[in-house]
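Presented below is the structure to which this report refers.
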Amino acid sequence: MSVLRSVVTGVGGYLPENVVTNDDLAKIVDTDDAWIRERTGIRQRHRAGDDQAVSDLAVEAAKRALAAAGRTAADIDLIIVATTTADLTFPATAAIVQRKLGCPVGIAFDVQAVCSGFVYGLTVADGFVARGHSKCALVIGAETMTRLMDWTDRGTCVLFGDGAGAVVLEPGEGQGTTDDRGLLGFALRCDGTKQDLLFVDGGPSTTGTVGKLRMLGNQVFKHAVINISEAVVAAAKQAGVAVSDVDWFIPHQANERILTGVANRLGIDEAKVIQTVDHHANTSAASIPLALAEGVADGRIKKGDLLLLEAMGGGLTWGACVIRL
Ligand code: ACO
């Protein structure tokens with residue numbers, strides 16, 4: 001049976017130049033390198049320049065993904081940006097990215113699912129690409145999380161960073177089997193009753209301000225391993241693969257202990273888990289495509305590999321998807 005699949009044909013990542021080490025943070029809040037490394041695995045994060053908006057980070061990642069796919073801005077008919085740190089309340093950052101890249105008139109909008117945004121965005125894009133409504137799509141995760149930090153709160157400000165990652169998605173003919181290239185299955189979840197565990201205390205229709213990130217870190221941690229594990233199993237089941245068939249796990253990079261906690265719970269060999277959190281911290285919706293881009297660039301992840309992407313974030317939202325590259 002011939003089916004249309006959404007195939008990843010190019011990936012790219014971008015981290016702003018400015019690096020902030022744990023020692024740098026220890027100069028402004030009561031923390032130290034050893035505490036941050038031991039609890040999170042993070043040793044540094046990148047911070048966007050004052051002249052860089054989140055759309056600028058998105059554009060750099062998109063250019064790299066387009067080059068890897070052998071496509072140009074002129075080919076793009078759909079742009080989805082997963083972000084929680086938009087340039088403006090409106091228009092959507094995707095519309096700004098369309099303009100900055102010089103793409104033709106097409107579909108462009110943002111997806112807001114915080115750290116799960118890239119997984120949500122991919123599955124939304126699949127609804128266009130795998131139905132023949134898009135011939136060439138950009139799905140971008142881009143964040144300037146440092147702009148949401150309360151720099152007096154050591155429990156949150158050490159955890160986040162800025163960055164962007166992007167993939168090009170194109171339709172490809174498959175046979176309806178798990179050998180097909182493309183998005184094979186997914187599971188998305190949201191439990192709005194857990195809002196108070198992780199949120200930003202501002203917004204256009206409440207305070208009229210952007211607000212600052214607030215988190216009950218140890219409670220988020222407890223939910224993360226259980227929720228992500230459940231979504232991984234559900235996505236694998238929907239795709240028709242076993243978790244043990246997966247070549248590479250590409251988790252949202254929040255915290256090394258969450259990554260290893262999920263791997264241990266599901267019996268996944270830690271050598272199959274792409275870990276990049278150490279050098280860019282939690283970049284929310286950007287972290288999965290950043291990790292994917294790094295794994296492809298260094299030759300670990302190859303065309304034809306079975307990938308499992310997973311995330312959890314504010315909402316609480318969480319989810320996973322299975323892709324054959
Ligand atoms: N430096 C030094 N000490 C600190 C720091 C810091 N940066 N932050 C907190 N502490 C202190 C606390 O004040 C507390 O001190 P006390 O015992 O004197 O009161 C102590 O460390 C322990 O605090 P906990 O919050 O219980 O520490 P925990 O071991 O839970 O680690 C952490 C905190 C790293 C935030 C952990 O809970 C975590 O990673 N949670 C997941 C949160 C996360 O990753 N969120 C991202 C968004 S959701 C997602 O992406 C999955």
Side-chain angles (χ1 to χ4, degrees), residues 20-45 82-85 112-120 141 143-146 148-163 165 188-192 194-201 212-232 249-263 265 273 275-278 280-291 309-320:
V20 181
T21 65
N22 293 343
D23 288 337
D24 292 333
L25 288 181
K27 290 176 194 150
I28 58 167
V29 280
D30 182 13
T31 189
D32 58 78
D33 179 55
W35 191 97
I36 300 172
R37 280 183 194 241
E38 186 191 315
R39 303 289 176 119
T40 71
I42 296 165
R43 51 184 176 82
Q44 63 176 44
R45 68 287 296 140
T83 187
T84 196
T85 49
Q112 219 296 31
V114 203
C115 300
S116 312
F118 189 75
V119 173
Y120 269 67
E143 301 282 14
T144 47
M145 294 304 285
T146 62
L148 296 178
M149 294 301 110
D150 172 351
W151 295 103
T152 65
D153 178 8
R154 66 179 181 171
T156 54
C157 74
V158 303
L159 303 175
F160 292 89
D162 303 335
L188 298 180
R189 311 274 187 259
C190 176
D191 177 358
K194 305 288 188 302
Q195 173 182 324
D196 292 348
L197 304 190
L198 178 56
F199 66 103
V200 166
D201 63 3
K212 299 292 178 201
L213 186 144
R214 307 292 172 203
M215 180 172 70
L216 299 173
N218 47 14
Q219 292 195 46
V220 172
F221 191 96
K222 280 178 204 151
H223 287 286
V225 174
I226 295 167
N227 288 352
I228 291 169
S229 300
E230 183 276 329
V232 166
F249 291 84
I250 306 165
H252 164 49
Q253 307 285 319
N255 180 316
E256 198 173 79
R257 289 192 300 155
I258 296 177
L259 272 58
T260 52
V262 171
R265 190 178 173 91
V273 181
Q275 295 208 29
T276 56
V277 66
D278 63 316
H280 61 61
N282 184 344
T283 57
S284 188
S287 87
I288 289 178
L290 273 168
L309 283 46
E310 50 89 335
M312 193 190 93
L316 295 177
T317 56
W318 66 100

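Computed over heavy atoms, backbone and side chain alike; hydrogens, waters and symmetry mates excluded. All figures in this text were calculated on a predicted structure; none of them were measured in a lab. For ligands, and for the atoms within them, numbers begin at 1 and follow the listed sequence. Residues take their numbers from the sequence shown, with the count starting at 1.
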**Nearest-option assignment for atom 27 (O) of ligand 1, heavy atoms, candidates Arg39, Gln253, His223** = Arg39
**Request:** Using a distance threshold of 4.0 Å (strictly less than), state whether atom 14 (C) of ligand 1 has a protein heavy-atom neighbour.
**Result:** no
**Message:** Students should be able to answer this: which protein heavy-atom is nearest to atom 40 (N) of ligand 1, and at what distance?
**Reply:** Gly217 O, 2.9 Å
**Request:** With heavy atoms under 4.0 Å as the rule, classify the contact between Asn218 and ligand 1 as side chain, backbone, both or neither.
**Result:** both
**Message:** Within ligand 1, which atoms have a heavy atom of Asn282 less than 4.0 Å away?
**Reply:** 46 (C), 47 (C), 50 (O)
**Item:** Top protein contact for atom 38 (C) of ligand 1, by heavy-atom distance
**Value:** Asn255 ND2, 3.6 Å
**Asked** If every non-hydrogen atom of Thr156 is compared with every non-hydrogen atom of Met149, which pair is closest and at what distance?
**Response** O-SD, 3.8 Å
**Request:** State the atoms of ligand 1, each with its element, that fall below the 4.0 Å cut-off from a heavy-atom position in Val158.
**Result:** 7 (N)
**Item:** Atoms of ligand 1, numbered as shown, that sit under 4.0 Å from any heavy atom of Cys115
**Value:** 50 (O)
**Complete:** Taking only non-hydrogen atoms of Val220 and a 4.0 Å limit, the atoms of ligand 1 in range are 48 (S)
**Item:** Interfacing atoms of ligand 1 (cut-off 4.0 Å, heavy-atom, Thr40)
**Value:** 34 (C)
**Asked** To the nearest 0.5 Å, what is the distance between CD1 (Ile288) and CG (Leu309)?
**Response** 5.0 Å
**Item:** ligand 1 versus Val29: contacting region, heavy-atom distance under 4.0 Å
**Value:** neither
**Message:** Give me the nearest non-hydrogen protein atom to atom 35 (C) of ligand 1 as residue plus atom name, then the distance to 0.1 Å.
**Reply:** Leu159 CD1, 3.9 Å
**Complete:** Per-atom filter on ligand 1: closer than 4.0 angstrom to a heavy atom of Gly155 are 8 (N)
**Asked** atom 50 (O) of ligand 1: which protein heavy atom is closest, and how many Å away?
**Response** His252 NE2, 2.8 Å
**Request:** Compare every heavy atom of Gly314 with every heavy atom of Leu198, then report the nearest pair and how far apart it is.
**Result:** CD2-N, 3.5 Å
**Prompt:** Can we say Arg214 and Asp196 salt-bridge, meaning some charged N sits less than 4.0 Å from an Asp/Glu carboxylate O?
**Reply:** no
**Asked** Do Gln44 and Thr21 meet the criterion of a side-chain donor-acceptor pair at a distance under 3.5 Å?
**Response** no
**Asked** Is the closest N or O pair between Arg154 and ligand 1 shorter than 3.5 Å?
**Response** yes
**Request:** Considering only protein heavy atoms, determine whether one is less than 4.0 Å from atom 17 (O) of ligand 1.
**Result:** no
**Message:** Does any N or O of ligand 1 fall below 3.5 Å from an N or O anywhere on Met312, backbone included?
**Reply:** yes
**Request:** Around atom 8 (N) of ligand 1, find the nearest protein heavy atom and jot down its residue, atom name and distance.
**Result:** Trp35 CH2, 3.3 Å
**Prompt:** Do Glu143 and Thr283 meet the criterion of a side-chain donor-acceptor pair at a distance under 3.5 Å?
**Reply:** no
**Request:** Spell out, as yes or no, whether a donor-acceptor pair under 3.5 Å connects the side chain of Arg257 to the backbone of Arg39.
**Result:** yes
**Asked** Looking only at heavy atoms, which two atoms of Tyr120 and Trp318 are closest? And how far apart?
**Response** CE1-O, 4.1 Å
**Complete:** A student comparing Leu198, Val225, Ile228 should find that the heavy atom closest to atom 47 (C) of ligand 1 comes from Leu198
**Asked** Which pair of non-hydrogen atoms, one from Gln253 and one from Ala291, has the smallest distance, and what is that distance?
**Response** NE2-CB, 3.8 Å
**Prompt:** Under the 3.5 angstrom rule, does the side chain of Arg45 hit a backbone N or O of Val20 as a donor-acceptor pair?
**Reply:** yes
**Message:** Just to confirm my output: which protein heavy-atom neighbour is closest to atom 44 (O) of ligand 1, and how far is it?
**Reply:** Ala254 CB, 3.7 Å
**Request:** Please identify each residue that fulfils side-chain contact (heavy atoms from CB on, under 4.5 Å) with Gln219, with sequence neighbours left out.
**Result:** Leu197, Leu216
**Message:** For Ala34, is there any backbone N or O sitting under 3.5 Å from a side-chain donor or acceptor partner on Asn22?
**Reply:** no
**Item:** Protein heavy atom at shortest distance from atom 1 (N) of ligand 1
**Value:** Thr31 OG1, 2.7 Å
**Request:** Just jot down the side-chain contact (heavy atoms from CB on, under 4.5 Å) partners of Glu38, sequence neighbours excluded, or say none.
**Result:** none
**Asked** What's the shortest distance from atom 31 (O) of ligand 1 to any protein heavy atom, and which residue and atom give it?
**Response** Arg257 NH2, 3.7 Å
